[in-house]
Asker: 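Take this structure, written in structure tokens, and hold onto it; I'll ask about it next.
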There are 2 protein chains.
Amino acid sequence: MTFSEENYLKTIYHLTSVSDADISTNAIAEKMETKASSVTDMLKKLSEKDLVNYVKYQGVSLTDKGKLAAKMIVRKHRLWECFLVEKLDFSWDEVHDIAEQLEHIKSEKLINKLDDFLGNPTEDPHGDPIPDANGRIIKVEKELLSEFEKNQIGICVGVKDTSSDFLKYLDKQEIALGSQIEIIEKESFDSSFRIRVGTKEITISNKIASNIYIK
Amino acid sequence: MTFSEENYLKTIYHLTSVSDADISTNAIAEKMETKASSVTDMLKKLSEKDLVNYVKYQGVSLTDKGKLAAKMIVRKHRLWECFLVEKLDFSWDEVHDIAEQLEHIKSEKLINKLDDFLGNPTEDPHGDPIPDANGRIIKVEKELLSEFEKNQIGICVGVKDTSSDFLKYLDKQEIALGSQIEIIEKESFDSSFRIRVGTKEITISNKIASNIYIK
DNA sequence: AATTAAATTTAGACAAAGCTAAAAATTATA
DNA sequence: TATAATTTTTAGCTTTGTCTAAATTTAATT
Ligand SMILES: [Mn+2]
Ligand SMILES: [Mn+2]
Ligand SMILES: [Mn+2]
Ligand SMILES: [Mn+2]
């Protein structure tokens, strides 16, 4: 399997996890910053290899084989992110791009040994679940901070947007995985929030609140 | 720089370290298990990028820029081999192929942090030197066991052949880096050796002896 | 020095993965 | 429902890295 094929599978997998319905050519093209015509070419190839169910003009979905392959790539990506943060002391906003490369290293033995070396983590540095060697995922209940109401208290357990910019913003506000967050006020006009993080009180926009997962 | 370009540079670098003279197209083709015509194409491209000095029909050598690039790839290869052996508990005969993939990961920060994490090793699991971040190499004096004479004693500090087969043979004979080796007898007929490794006495062929480095 | 052999390069082809522009199918709208 | 807009596919071209077969250059041998 080529890097490119792996990247398409991963993208389809991620798009599937939000929409459930078949994925459109354009959706893939947009997410991968490529052209629809290139996507069509690749879908034919992946279909030929029984990794996706593809019907012309009707969108695409992963086969069982394709889904497992995608999960294994996600597993590698997230385990390498753990390694970078926990062993090499990278910050959580620096690891994604490097993991994008490392996820394509081919060696089952390597990834399983890495998994053990890291103590078989179930979540990556952004709170996303890590599939095990069989593709099984432990799903954790979590809600967006934006869905919370006044006086509710929760723990930050993940982020929806994992861009470096957003993560750096959270660092600045001292919001990290494990931080306790209390809703002091919810402004009805713009749905912004007044929250308490640790000892500090801050105001965050609704856009920020809808990218933080709370439990 | 593409994977392929990096592999050519590395190959030229390794061939240079044994012969010193300009490297022939055929020598590169043989080592890379590719065709001479493919090599010619690539040499033109590398020359265009000032990574090699290439004169048609006259062979090729690395420029300073090319040599530094090659050393950085070797640095990554050997540091990853250390990681695999020391942290993930791979044996020395399993790591080369995985390192062939890992050496192409692009991130200076990653490799320097990995270097620190490993305690800045100067040698890889096969006794080969690891260039530092500036490309400097600490050369260690070493001689082939085959050059040794009766009654001499030395320590195994490296291997010339790093194939899995040879390394497994050494494992079987309980020869490892750091093993003390004493020449008991050198057979004049076939230049084979009777040696003592630790408490055991064994006989090895000249071919074996000329792939073990001793200090 | 002439001829033969070996090494090297060139020419032309191919697969992978991308692109643009045009055609076709689907969906939305008047 | 007919037309317009959007989405998707096809056709044809490009780059990278490879190959085979033919041509050229260099080296070796009579
Ligand atoms: Mn990531
Ligand atoms: Mn992540
Ligand atoms: Mn190696
Ligand atoms: Mn090595």
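Proteins get letters first, then strands, A, B, ... in listed order; numbering begins at 1 in each.
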Asker: Starting at NE2 of A:H77, measure out to NZ of A:K10 and round the result to the nearest 0.5 Å.
Answerer: 6.0 Å
Asker: Side chain of A:S37 only, please: which of C:dG18, C:dC19, D:dT8 is the nearest?
Answerer: C:dC19
Asker: Could you tell me how far apart B:D41 (CG) and C:dT8 (P) are, to the nearest whole angstrom?
Answerer: 15 Å
Asker: Considering only C:dT9, C:dC19, D:dT10, which nucleotide approaches the side chain of A:K44 most closely?
Answerer: D:dT10
Asker: Can you classify the ring geometry of B:W80 versus A:F83 as parallel (below 30°), tilted (30 to 60°) or perpendicular (above 60°)?
Answerer: tilted
Asker: Rounded to whole Å, please give me the gap between CD1 in A:I28 and C1' in D:dT8.
Answerer: 12 Å
Asker: Consider the side chain of A:Y57, meaning its heavy atoms from C-beta on, and name the nucleotide among C:dT26, D:dT26, C:dC19 that approaches it most closely.
Answerer: C:dT26
Asker: Hey, is the side chain of B:Y54 poking within less than 4.0 Å of OP1 or OP2 on C:dT9, counting only N and O atoms?
Answerer: yes
Asker: What I want to find out is whether A:K215 reaches A:E141 closely enough, with some N-O distance under 4.0 Å, to be called a salt bridge.
Answerer: no
Asker: Does C:dG18 have OP1 or OP2 under 4.0 Å away from a side-chain N or O of A:Y8?
Answerer: yes
Asker: Counting only side-chain N and O atoms of A:N26, is one of them less than 4.0 Å from OP1 or OP2 of D:dT8?
Answerer: yes
Asker: Within the 4.0 Å heavy-atom criterion, would you say A:T25 contacts the bases, only the backbone, or no part of the nucleic acid?
Answerer: sugar-phosphate
Asker: Ignoring backbone atoms, test whether A:K56 places a side-chain nitrogen or oxygen under 4.0 Å from the OP1 or OP2 oxygen of C:dA25.
Answerer: no
Asker: Taking NZ, NE, NH1 and NH2 as the nitrogens, is one of them in A:E123 or A:R78 under 4.0 Å from a carboxylate oxygen of the other?
Answerer: no
Asker: Just how far, in rounded Å, is P of D:dT7 from CD of A:E30?
Answerer: 10 Å
Asker: Would you say B:S38 places a side-chain N or O within less than 4.0 Å of OP1 or OP2 belonging to D:dT18?
Answerer: no
Asker: Nearest-Å distance, NZ (A:K35) to P (D:dT14)?
Answerer: 18 Å
